[in-house]
Each structure stands twice: as structure tokens, then as C-alpha cells.
Amino acid sequence: QAPAEAEQAAERLDQRLREVDDADVKAAGEALRDRVRQLADAARSANAADVTRAVAEVEAAARRLASTCGVDVNQVGGG
């Protein structure tokens, strides 16, 4: 179920990115989308180390996107 949810999240993000004009925001969003897809792949493999690494990369990409959008990074991921 987790891989499918991650893939759905990536698809929703991809749809939103089609509406974005700002190149920096689009690039940060695309990086996040790609990391979410990698997370889905890692979850499918059921390799705990790959999943842990992918989660960290998703969090980092989300923080970069938030920063690019001028959102307080502390509001992202509860951190």
C-alpha cells in the first residue's frame, strides 16, 4: 500500500507542477516528485536501508521546495 500511495502523491505533485511558471519552484518541485518516486521504488523493494535513505531524501527535497517558495522550513515535516 505504501508504494502505491507514494506513487499517487508523485502523480498529484506532477499535476500541480504543470501549473507552475516559476522555474526555481518548478525545479524544486520536480526534484521532490522524483524523490517521492524513488521512495515508492524503495518501498516496493522492501529494503529497509533504501527506504530510510529515500525518506531522508524526500524530506530534504520538501525542505528545499519550501525554502524556494518562501515557506518557513520548520513548518515542513513537523520539524
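Only heavy atoms go into these numbers, but all of them, side chains included; no hydrogens, no water, no symmetry mates. Just so it is clear, the model here is predicted, and its values are computed rather than measured.
- Across all non-hydrogen atoms, the minimal contact from Val36 to Ala9 is CG1-CB, 4.3 Å.
- Nearest approach of Ala28 to Thr68, heavy atoms of both residues: CB-OG1, 3.9 Å.
- For residues 36-45, every residue pair satisfying the side-chain hydrogen bond (donor to acceptor under 3.5 Å, both in side chains) rule, not counting sequence neighbours, is listed here: Glu7-Arg37, Glu11-Arg37, Asp41-Arg44.
- Remark: the backbone N or O of Arg63 is not paired with any side-chain donor or acceptor of Ser67 at under 3.5 angstrom.
- Legend: side-chain hydrogen bond (donor to acceptor under 3.5 Å, both in side chains) pairs involving residues 22-35, not counting sequence neighbours, sorted by first then second residue: Asp14-Arg33.
- Looking at every heavy atom in both residues, Val25 comes nearest to Leu65 through O-CD1, 3.8 Å.
- Every residue two or more places apart in sequence or in another chain was checked for a side chain to side chain contact (heavy atoms under 4.5 Å, CB included) with Ala31, and none qualifies.
- For the atom pair CG (Leu39) and CD (Glu59), the distance works out to 10.0 Å, reported to the nearest 0.5 Å.
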Let me have the donor-acceptor pairs involving side chains of residues 50-57, under 3.5 Å, with sequence neighbours excluded, atom names and distances please.
unit_1	atom_1	unit_2	atom_2	d
Asp50	OD1	Arg53	NH1	2.9
Thr52	OG1	Ala48	O	2.9

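- Among residues two or more places apart in sequence or in another chain, the side-chain hydrogen bond (donor to acceptor under 3.5 Å, both in side chains) test is passed with Glu5 by Gln1.
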